[in-house]
Amino acid sequence: MSGPAAGTADAATTTDVVCLGESMVTFLPSQPGRLADVPSFGRGIGGAESNVACALAAAGHRAAWVGRVGADGFGDHLVETIASYGVDTSAVRRDPVRPTGIYFRTATDRGTDTHEVAYYRAGSAASAMSPDNVPYEDLLAGRVLHLSGITAALSADCLALLRDLTAPRPGRPLVSFDVNHRPHLWRGGDADASVLLELARRCDLVFVGEDEAEEAWGIVGAEAIRAALPEPAVVVVKRGSAGATVYASGLRPGPRSSNAGGAGNAAGAGGAEGADTVTLVPALRVDVVAAVGAGDAFAAGFLSATLRGLPVRERVRHGHLMAAAVLTVPGDLTDPPARDHADRLAALDDDAWGRLRLGPGWTAVDRAPEEVRTP
């Protein structure tokens, strides 16, 4: 499959996906309960974009993470841990003045009222990213550039950076954008939510949840979301337990790069210009251990299958499978299923797919697809 940057370097050395964003050291509770009551925490890492990079590298792709961390021990830990997944971190910049961000969270699911997160990221090294201090030659060197709305919320400079990266430019790679609406990061209410809509409309491939579209933009339903995002060649609407609906089209008028035809084709757009192909893929039944990181894993699975040129249905199924791997472990990251294992599951007929139920440890199972389920 040819990508927008495939002609600029040897295929063996071209980066598949470059991910830009803030990664932080995360402290995970030793037991359930309020942050005030948790006696100790274990150290991990967290960051939407670095999560995607790690999952893609673990799945065998050439992935790079570009970010900014402090010249401190937490920055060392982040870079070393992300690199241990096989991610290229050579373009990460160290800030001699600002610290690496950290946060603490409770063990409960993010969607519950008892979930607590305490962020210590204001004034972090990553919040100082701007068009003036990031390595554009590295950001634009891959077949895909993956961004998220979290970065736009960190500072005015970060927002300026995302606006610049999503602007039309010669040779722009396919730009993938996960809306990732985080209300606690924004201070301007509706005006800030509209920024996410603006950025999404400038990209080629967009991931957005039905719930966050309603919360951020007051838009209800997958069709209405697509109507609000007419420009991207591919819009993936995540619908929770109902699965995901993908709208894929030929090129549409709108702000995109001069090589948008390559970007649109790499994203898997099909059919006549302006006409959508709509694909609904049901979610899997999963015995959930923790929901944190599942959205990032879904994006990684979808991007992985996109890079391999698989049909849209299989792209979504690989997204579901990658998410299921993370859902069945306590942290944000885990090793994905082996590619041949995931391919066998993604190729199941609809009835067999609907009967699957995945529990902890399923990624290590090497047996027939119909046996990969819990009672």
Side-chain angles (χ1 to χ4, degrees), residues 15 17-28 41-58 62-105 117-142 144-162 164-165 176-178 180 182 184-185 292-293 295-297 299-300 331-334:
T15 300
V17 181
V18 178
C19 302
L20 167 77
E22 178 172 35
S23 191
M24 295 178 291
V25 173
T26 176
F27 290 92
L28 310 175
F41 296 81
R43 186 180 65 174
I45 67 169
E49 302 84 2
S50 59
N51 285 348
V52 172
C54 289
L56 284 166
R62 296 175 296 276
W65 172 63
V66 178
R68 194 172 179 87
V69 300
D72 49 33
F74 287 145
D76 293 341
H77 175 65
L78 275 176
V79 174
E80 292 167 6
T81 303
I82 293 169
S84 73
Y85 281 84
V87 175
D88 180 356
T89 59
S90 61
V92 176
R93 298 294 186 259
R94 308 301 289 261
D95 192 311
V97 177
R98 298 173 182 85
T100 303
I102 65 172
Y103 73 98
F104 297 77
R105 68 172 174 85
V117 181
Y119 287 102
Y120 299 89
R121 73 195 307 178
S124 69
S127 70
M129 290 189 297
S130 78
D132 298 323
N133 63 17
V134 298
Y136 272 64
E137 65 277 10
D138 294 295
L139 286 172
L140 302 177
V144 177
L145 172 63
H146 181 70
L147 309 169
S148 95
I150 294 173
T151 304
L154 297 180
S155 69
D157 283 341
C158 285
L159 175 55
L161 174 60
L162 258 63
D164 194 45
L165 289 172
S176 166
F177 183 75
D178 194 334
N180 263 330
R182 298 288 186 267
H184 60 273
L185 292 178
V292 179
D296 305 328
D332 293 29
L333 291 167
T334 190

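Count residues from 1 along the sequence.
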Item checked: Asp72 side chain vs Thr100 backbone, donor-acceptor pair below 3.5 Å ->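 Side chain of Asp72 to backbone of Thr100, a donor-acceptor pair under 3.5 Å: yes, one is there.
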Item checked: Under 3.5 Å donor-acceptor, Ser50 side chain and Ser23 backbone ->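 A pair under 3.5 Å: no.
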Which heavy atom of [X] sits nearest a heavy atom of [Y], and at what distance?
X      : Y      : value
Ser127 : Gly123 : OG-C, 3.6 Å
Ala53  : Trp65  : CB-CB, 4.2 Å
Ala63  : Leu56  : CB-CB, 4.1 Å
Ala48  : Ile150 : CB-CD1, 3.9 Å
Asp95  : Ala128 : OD2-CB, 4.2 Å
Ser176 : His146 : OG-ND1, 2.8 Å

Next item on the list: Mind telling me whether Phe104 and Phe41 have parallel, tilted or perpendicular rings, with 30° and 60° as the class edges?
Entry: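 If you compare the ring of Phe41 with that of Phe104, the planes turn out perpendicular.
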Would you give the length of the straight line joining atom [atom1] of [X] to atom [atom2] of [Y], rounded to the nearest 0.5 angstrom?
X      : Y      : atom1 : atom2 : answer
Leu139 : Cys19  : CG    : SG    : 10.5 Å
Ser124 : Leu154 : OG    : CG    : 6.5 Å
Asp296 : Leu333 : CG    : CG    : 8.5 Å
Arg43  : Phe74  : CZ    : CZ    : 7.0 Å
Phe177 : Ser148 : CZ    : OG    : 6.5 Å
Asp178 : Thr151 : CG    : OG1   : 10.5 Å

Any side-chain heavy-atom pair of [X] and [Y] under 4.5 Å:
X      : Y      : answer
Glu80  : Leu78  : no
Pro135 : Arg93  : yes
Arg68  : Val92  : no
Asp157 : Met129 : no
Arg62  : Val18  : no
Glu49  : Leu20  : no
Asp164 : Tyr136 : yes
Pro99  : Tyr120 : no

Item checked: Pair Tyr119-Ile102, side-chain contact (heavy atoms from CB on, under 4.5 Å): steps then yes or no -> CA-CA 6 Å; Tyr119 287 102; Ile102 65 172; over 6 Å; no
Notebook entry, point to check: Among all residues two or more places apart in sequence or in another chain, which pass the side chain to side chain donor-acceptor pair (under 3.5 Å) test with Asn133?
Noted result: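 With neighbours one apart ignored, the set is empty.
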Notebook entry, point to check: What residues form a salt bridge (charged side-chain N to carboxylate O under 4.0 Å, His left out) with Glu22, not counting sequence neighbours?
Noted result: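 Glu22 satisfies salt bridge (charged side-chain N to carboxylate O under 4.0 Å, His left out) with Arg121 once adjacent residues are dropped.
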Kindly list each side-chain donor-acceptor pair under 3.5 angstrom involving residues 82-89, sequence neighbours excluded, with atom names and distances?
| residue | atom | partner | partner atom | Å |
| --- | --- | --- | --- | --- |
| Ser84 | OG | Thr81 | O | 2.5 |
| Asp88 | OD1 | Ser90 | N | 2.9 |
| Asp88 | OD1 | Ser90 | OG | 2.7 |

